[in-house]
Amino acid sequence: MQRPLIVVSNRGPVGRGSGGLVTALRGLQERDDVVWIASAMTAEDRALAVDPPAGLRLVVHDPRAYDLFYNTIANPFLWFLLNSLWDRAVAPELDDAFHVAWHDGYEEVNRGFAEAVVAELDDRPDALVWFHDYHLFLAPRLVRAARPDATLGHFVHTPWPTDWSALPGALRREVHDGLLANDVVGFHTERWAASFRRSCADVVGDCTACVVHHPISIDPAEFERLADDEAVRAVERELMEERPEKLVVRVDRADPSKNIVRGFHAFGLLLEEHPEWRGRVRLLARLDPSRETIPEYAAYREAIDRAVRELEERHPGSVTVELADDFVRSLAAYRQYDVLFVNPVFDGLNLVAKEGPLLNTRAGVLVLSENAGAHEELAGWVVTINPNDVEGQAQALYEALTMDEGDRRRRAEALAAHVRTHDVARWLEAVLADLNAARA
Ligand code: F6P
């Protein structure tokens, strides 16, 4: 018999569903034995929290605590640590405000989530509790203390770094203890799972949870249906009319982890080194605005603008940047790329690397960072790049643009077939089976 499920994540399936997590888990809402606990992030969410639709529970946090949680700890700190984004000579600098934010923000919001989970468990004592991501590292231990027999799992959708030394010892321990209060901790790749086992050994001496890895995926039928929509086809026709011979596409949240600036530098280098491609290839960068209240993100947006201006000055007409959350345009771009450029500094998985190949119609080539989790699965059919090596990325783009048709077709078909057979339903089944087995 299937046990009820309590899904817990900071961003819930309400309003603007940015990022892969909500997209991937949205299908769960169709099950009538699932309750999703998420933060009320906007005024509309707070109004909805009073009388939410069935299957949803929105946690209303104290606004100051939530601000410290989201804008000081979760995103500019933990996200940067998990994705190894700092220049350690200058950052991070953990001042008194950081410590206040940890206690009054991160701990407080995790406590709010833990209380909501315990309240749900009172209604459904046999439910599986399934936490997601770095926003909630402390909540499992609080739930475990209140409900020692609960079955708890946590899926970490980011990379797991080997070096946790940027976080002071006591807090480093709090994070690891928090996660180890789960029965199962999941990651997208063997690499991140191994790194977690190593850091548990370093920080707490032992790894008491069951650590698993299953790469998340998409719902191919749903993506194919969405891409078949007339609105997508209309944008696609527009793209076809304007496109030069070859189109390089990237689709990302505007996030420092996505390596967007180096991507523009690499594309510029390609045009310097291979002048025969000037005028014949364009880079279309579809960037979804993200976490704009955070200074590190605002600075990165400026760096993106500078890189685009430089590229435009040197090679007019070589780049189109669309800064807008517009899924329809992303779907149309997926269908039309010759090269899909996915070059993150680090990425837990990267769903663009699966969505694109599923929908593409031109036997396009995937140029993929070796630090994207998806690389562990897809390496055999991509052109691999190192995210720091801009010269290497320029060469990889050239290789992708000049690859012969047979090779392109063979790789593109293998990628699409892999995504079709390794879909999100399969991921879900594997993770839930682990959760059930761990407690049994
Ligand atoms: O993919 C990581 C992640 O932090 C998800 O948890 C989140 O849904 C997505 O990025 C978007 O981030 P945010 O919720 O901060 O807009």
Side-chain angles (χ1 to χ4, degrees), residues 7-29 36-42 44-45 56 58-59 61 66-85 105-106 109-110 113 130-137 139 154-161 179 185-189 192 215-218 251-260 286-298 300-301 323-327 330 342 344-355 369 371-374 424 427:
V7 175
V8 198
S9 67
N10 176 51
R11 188 176 283 279
V14 277
R16 193 177 74 92
S18 85
L21 192 159
V22 169
T23 314
L25 294 180
R26 216 179 261 279
L28 275 177
Q29 282 180 290
W36 195 323
I37 302 179
S39 289
M41 293 177 75
T42 61
E44 285 142 39
D45 292 355
L56 182 66
L58 291 168
V59 185
H61 308 284
Y66 192 76
D67 175 44
L68 296 173
F69 159 86
Y70 189 84
N71 291 316
T72 303
I73 304 297
N75 293 309
F77 185 80
L78 287 173
W79 177 260
F80 275 57
L81 192 161
L82 292 159
N83 290 288
S84 310
L85 297 178
Y106 194 65
V109 168
N110 271 265
F113 268 104
W130 195 19
F131 296 100
H132 290 270
D133 246 343
Y134 56 98
H135 309 88
L136 302 174
F137 285 156
H154 203 129
F155 208 96
V156 179
H157 294 265
T158 63
W160 194 267
L179 274 172
V185 181
F187 293 88
H188 292 309
T189 67
W192 316 138
I216 202 169
S217 193
I218 58 172
V251 176
D252 291 288
R253 279 189 303 107
D255 189 297
S257 69
K258 304 295 182 184
N259 212 15
I260 298 159
R286 288 221 21 77
L287 306 176
D288 290 349
S290 187
R291 305 176 188 164
E292 292 183 301
T293 47
I294 298 170
E296 284 83 347
Y297 282 74
Y300 195 66
R301 277 280 303 272
L323 243 163
D325 195 351
D326 190 333
F327 193 48
S330 297
V342 183
V345 179
F346 276 99
D347 212 329
L349 186 98
N350 196 293
L351 284 175
V352 170
K354 295 191 173 182
E355 295 165 2
S369 166
N371 287 346
V424 70
W427 171 78

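These values consider heavy atoms only, across backbone and side chains, with no hydrogens, waters or symmetry-generated copies. Order of appearance sets the numbers: ligands from 1, and atoms from 1 within every ligand.
Between Phe69 and Tyr66, the distance separating the two ring centers is shorter than 6.0 angstrom. When ring centroids are compared, His188 and Phe155 come within the 6.0 Å threshold.
For ligand 1, one of its N or O atoms has an N or O atom of Asp133 under 3.5 Å away. Geometrically, ligand 1 and Tyr70 share a nitrogen or oxygen pair separated by less than 3.5 Å.
Near Trp79, meaning under 4.0 Å from any of its heavy atoms, are these atoms of ligand 1: 2 (C). Ligand-side atoms of ligand 1 in range of Tyr134: 4 (O), range being under 4.0 angstrom from any heavy atom.
Between Arg291 and Glu296 there is no salt bridge, since none of the side-chain N atoms of the basic residue sits less than 4.0 Å from a carboxylate O of the acidic one.
At a 4.0 Å heavy-atom cut-off, ligand 1 does not touch His132 at all.
The shortest separation from a heavy atom of Leu21 to ligand 1 is under 4.0 Å, placing the residue in contact.
Of the residues Asn83, Leu85, Asn371, the one that meets the side-chain contact (heavy atoms from CB on, under 4.5 Å) test with Val345 is Leu85.
Ring geometry, Tyr70 versus His135: the interplanar angle falls under 30°, so the pair is classed parallel (tilted spans 30 to 60°).
When Met41, His135, Arg11 are checked for heavy-atom proximity to atom 14 (O) of ligand 1, Arg11 turns out nearest. In this comparison of Glu292, Arg253, Arg291, the heavy atom closest to atom 12 (O) of ligand 1 sits on Arg291.
Looking at Ser257 and Asp255, their side chains do bring a donor and an acceptor atom within 3.5 Å of each other.
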